[in-house]
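Note that this is a predicted model, so its numbers are computed, not measured.
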Amino acid sequence: MRRGRPAAKPRRLLSAKGIALLVNRLAAAIRRRNPDIRNLALVGIKRRGVPLAQRLARRLGPGVPVGAVDITLYRDDLRLVAETPIVRGSELGFDINGRTVVLVDDVVFTGRTVRAALAELLDYGRPCAIQLAVLIDRGHRELPIAPDFTGRVVRTWRSDIVDIFLTETDGRDEVTLQRR
Amino acid sequence: MNFPHRHLLGIEQLGREEIVTVLDLARKFREVLDRPIPVVPALRGKTVVNLFFEPSTRTATSFNLAAGRLSCHCVNFALAASSAKKGESLLDTCRNIEAMRVDGIVVRHPLAGAPHFLARHLKAFVVNAGDGCHEHPTQALLDAFTLRERFGDLPGLKVLIVGDVAHSRVARSSILCLTRLGAQVSVCGPPTLIPAGIEALGCDVFYRLDRILYEVNVVNMLRLQAERMVAGMLPSAREYRQLYGLTRERLAGLDPATVILHPGPVNWGVEMDYDVAELPQALIMNQVKNGVAVRMAVLYLLAGGQEEAA
Amino acid sequence: MSRILFAAGRVVDPNARTARRLDVLVEDGRIAAVGPRLGPVPGAERLDCRNCFVAPGFLDLHCHLREPGREEAETIASGARAALMSGFTQVCAMPNTDPPIDSEALVRFVSRRAEEAGFARVLPVGCCTKGRQGKELAEIGAMRSAGAVAFSDDGTWIEDAGLMRRVLEYAKTFDAVVMTHCELAALATGTANEGMVATRLGLRGSPWPAEAAAAARDVMLAELTGSRLHVCHVSCAATVDVIRWARARGVQVTAETCPHYLVLTDSALETFDSNLRVNPPLRTEADRRALLAAVADGTIDCLATDHAPHPAEAKAVEFDSAPPGIIGFETAFSLFYESLVLKKQVTLPGLVARLCAAPARVLNLPVPEIAEGAEANLVVIDPEAKWFFDRSRVLSLSRNSPFLGRTMHGRVRAVMLGTRLVSPLGA
């Protein structure tokens, strides 16, 4: 907890309408890049990547399977956390071999979560390509990870807190930024 | 996560919530075991030693696999039971191993309290893989997991444990684990093999198998060891089978929904007739498979997380 | 001339079980005067005993000094020193040494070693049977004349009833008491008390009849032969009942119990701490209460330590593998004081009686008294003292005690035997 200035109130970056707009744009971009959607699959990174993946799948059309990965067992910082993290479990109900898989997450920040998801995905099989779709890119990458599809780029300080709220997980759609 | 223990020395120290935490986590690891590449890097860089002072292929292999699936390095030490008189003492053996920078020790020992002794003296975490007649917590947990898979919730489930309860660490751990999860446990065996005061652990006692066998949902048959005959506790294996074995005749009268468990290895023709092996209600192989997942959960809970400051 | 004045302490008479505020003047190792307000005495060192009791020195009927054979655990000198500092001016050393004390020469060896050390007086106990093997009668007569005060095969029970009968008859000739360690080996196959706790912990149990049935046989043989019998380390209620029954029939039986049986029960074994491994084993709460009541009503007339040292590496093993035994001298008084006097089961003079008068009577020795002309043999007891049983300040050569790190109540502040005056460290 930093002393001195009290933390500022969270500022809204995106409303529900804003999020819906971005989701549509992402879906369109994914379709443009991958005309043959029969070979496509979406995999959401738990937790909020999953409902986002489901929303995208609905816009892309029927027959696009959606899976979920929980990256807890692949984190590179397991030694550093005080309490053993809860494992939520992954569900991939389809064969990823030879498919184009689009990994979906709400925010990309340092890139370590995506790296872990890539490692886990590759333990399930050998997709012919993996692409990355994110709603928000807030910068400050620590690894050479770049999304293929970005909803919006937001400039942040490292200490800022960016919160995503989705109806499926939090009861409302909103993105906020809190300066510290 | 709800598991504030540094070691797994027995079910005795675990509350219901903690047992459920382990079992829920084990289910996630079952999923990992079904993947094309059934390995996760969660415990990469950690090392665990299997210190077995009693021979055991299945439990040692199970822990070995569990560690490997978590990318944890596992080394096997099979030793003769330590005696203060001959060779290296238990404490010295472990100090030597710990000096080689080991994160955890899985120990099986013929004397009760050996894992507690080690936990007091070593920095590594300790998992009890069976200490004398005292406890075998991972076996009890995998049995509970197997039953939960079949029945869902356990409260009210009637479980019967049959055999040499006096010398069985599996029985002690199971009685504690199942009663904490709400099941109703009974034990059955000859009076010479039922220890004094076992009811205090929360179970009923029967000396005639036919009185209780047909009333229960689950029957867990314990292994009969040949030494018991030599020690004069039983006249013969044949008599044991007649009175306490799952014979063809008893199987015929058993409800097909009744689940049959056995910690293994089975003395076919003594505890059970070979017909049991074919029955769908015998979940013995499930127990083995679930054992790896449960042990993965235990290792993850004890080895994951912050390294202690040296 | 050395003069020491113990001033204004409450002087205990263990026979009358009273205490009166008196001064005691000791000159050159003898009590020169006892009376109210003797001082000031010129040239006398004055010890202020106002808040203390002054009692005759304690006699421990049962301890193990390990010499000859296991001097790494304790020696006669180190044990006698620890005993003296703890208030025991006389101790009976059990003969289960290596070699066992079964001959005149070895009895003299023990006495001589103790004299050389110059601390507590060691009263040798001789074996009943040759080599403590339980097969043939040992040279009881020769040992008696060499100074053995009693006979025992402590550590084992004499299984052969015919032999035990002969031991009792033979010892009677020399007016010697036979001390019996009651344990039916075929029943006592466990390392803990057979019961709920052992079942839960998966430890093999020894049931209470292993002790009580053996005691029953021995008191009946004592009745048959008219000999004097002393039952060692009583641990369970049933043995108390046996002793009561025998006394009612006129058998000359005495009995002792030890501090750990009055303070601990088998529920302490949860941690598998090998310092709790003792023989006979710790029993149930019901047994503990019965023992306290038996001490209070006199059925168990003596209190002893069963001081049993073992080196650290012997005890740093699994519970079942550890040798049984607890060191006892230094904690004995405090534990007896806490469990008996503070719990109002006996008075302090009553406790002193059980620690010095009753044991002396078992051995047919004169009860030390604090009277003019008597040899100086006394302890100064501070009942209000609170002290910490610190590992680094243990006097014995071994440290196998489950009471380490415990705060104790009541303490022996000073001991005088002959011309020697000692104080426990840090008193």
At a 4.5 Å cut-off on heavy atoms, which part of [X] comes close to chain C: side chain, backbone, both, or neither?
{"X": "Leu91(B)", "answer": "side chain"}
{"X": "Glu135(B)", "answer": "neither"}
{"X": "Arg172(B)", "answer": "side chain"}

Taking every heavy-atom pair that is under 4.5 Å apart, which of Gly197(B), Ala112(B), Ala114(B), Pro195(B) has the most such pairs with chain C?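 Among Gly197(B), Ala112(B), Ala114(B), Pro195(B), the one with the most close pairs to chain C is Ala112(B).
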Look at Glu194(C), Arg200(C), Met196(C) and state which one has the largest set of heavy-atom pairs under 4.5 Å with chain B. Arg200(C)
Where does Thr191(C) contact chain B at under 4.5 Å (heavy atoms): side chain, backbone, both or neither?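 When you check distances to chain B, no heavy atom of Thr191(C) falls under 4.5 Å.
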So, Thr59(B) and Arg108(B): side-chain donor and acceptor under 3.5 Å apart, yes or no?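 A pair is found: one side chain offers a donor N or O, the other an acceptor, under 3.5 Å apart.
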Regarding Thr93(B) and Asn96(B), is there a side-chain donor-to-acceptor distance under 3.5 Å anywhere?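 Side-chain D/A pair, Thr93(B) to Asn96(B): absent.
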Can the ring centroids of [X] and [Y] be said to lie less than 6.0 angstrom from one another?
{"X": "Phe272(C)", "Y": "His134(B)", "value": "yes"}
{"X": "His307(C)", "Y": "Phe329(C)", "value": "yes"}
{"X": "His233(C)", "Y": "His181(C)", "value": "yes"}

